[in-house]
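Only this structure's heavy atoms are used, side chains among them; waters, hydrogens and symmetry mates stay out. When a residue number appears, it is its place in the shown sequence, counting from 1.
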Amino acid sequence: QMQLQSVKVRDLAAVVVAAKLQDEKEAEAIEKQRDREQQEESEKERAMETEAKEQKECEAKEESSKREQERASVNEKVNALVKEELHSATQRAVDAEIRAEECVQLLQLARARIEREQQQRHADTAQHISSIAAAVAAEKALHVQQTEMQHTLDDAQQHATAVA
């Protein structure tokens, strides 16, 4: 019976050892499974981090592109306003040049009219002076003629007095 018990103990020990070995294998398998799961979880986290980083980079690129488009739109509007203002300023300059030319023409016409009026005044003054000179000359001639007629009359009276 001892032998039997010893066999039983040995069998039991073998069973215990086998169970222990099985437990260690299972524990090792569980440990490996946990390691794999942790590794997969780490890989998932890294993948999510990479995806989030890529998403942020994509959003940053989109935002940058949007700002660039806005900047281009603003530049385009500014350029259009500058072009419009330049056109308007050019038109105002052309209008001012036309008005200046019109003013020059008006000044030339006014100058010509003033010169004609001055010439007419000079002609009128010369004619007036000529008329006065003619009147003075006629008056002198009349006076001379009257004086001569008076002398002739005086001579005739003296002659008549002498003859009588």
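- Counting side-chain heavy-atom gaps under 4.5 Å among Ile, Leu, Val, Met, Phe, Trp and Tyr, the cluster of V136 also holds I132.
- For the residue pair D154 and Q158, no side-chain donor N or O sits within less than 3.5 Å of a side-chain acceptor on the partner.
- The main-chain N or O of A60 is never found under 3.5 Å from a side-chain atom of S64 such that the two would form a donor-acceptor pair.
- Atom CD in E51 sits 13.0 Å away from atom NZ in K44 (nearest 0.5 Å).
- Within a 6.0 Å sphere centred on CD of E76, heavy atoms belonging to other residues, nucleotides or ligands number 12 at most.
- Separating the CD atom in E102 from the CG atom in L107 is a distance of 12.0 Å, to the nearest 0.5 Å.
- Inspection of the T125 and R121 side chains reveals no N or O donor paired with an N or O acceptor under 3.5 Å.
- In summary, E68 and R71 engage in a salt bridge, as defined by a charged side-chain N under 4.0 Å from a carboxylate O.
- Checking E59 against Q55 by side-chain atom types alone, a donor-acceptor pair falls below 3.5 Å.
- The salt bridge (Lys or Arg N to Asp or Glu O under 4.0 Å) check on R113 picks up E117, with sequence neighbours excluded.
- Between R67 and E63 there is a salt bridge, since at least one side-chain N of the basic residue sits less than 4.0 Å from a carboxylate O of the acidic one.
- Under a hydrophobic-cluster definition in which Ile, Leu, Val, Met, Phe, Trp and Tyr are linked whenever side-chain heavy atoms come within less than 4.5 Å, directly or via other members, L106 and I114 are assigned to different clusters.
- In E57, the CD atom is crowded: over 12 heavy atoms of neighbouring residues, nucleotides or ligands sit closer than 6.0 Å.
- Put simply, NE2 on H87 and CD on Q91 are 5.5 Å apart, with the number rounded to the nearest 0.5 Å.
- Taking the side chain as every heavy atom from C-beta outward, M149 and L153 never approach each other to under 4.5 Å.
- Between the CD atom of E41 and the CZ atom of R34 there is a distance of 14.5 Å, given to the nearest 0.5 Å.
- Interatomic distance, T147 OG1 to K140 NZ, rounded to the nearest 0.5 Å: 12.5 Å.
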Practice task
Go through the steps to decide whether R92 and S88 satisfy the test side-chain hydrogen bond (donor to acceptor under 3.5 Å, both in side chains), and finish with yes or no.
Solution key: CA-CA 6 Å; R92 287 192 305 267; S88 177; 2.7 Å; yes
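- Within the 3.5 Å criterion, the main-chain N or O of A126 finds no donor-acceptor partner in the side chain of S130.
- For S42 (side chain) and Q38 (main-chain N/O), a donor-acceptor pair under 3.5 Å exists by modelled atom type.
- Atom OG1 of residue T90 and atom CG of residue D95 lie 10.5 Å apart, to the nearest 0.5 angstrom.
- Side-chain contact of Q39 with D35: a donor-acceptor pair under 3.5 Å is absent, judged by distance alone.
- E37 and Q33 are linked by a side-chain donor-acceptor pair at a separation below 3.5 angstrom, with hydrogens and angles left out of the test.
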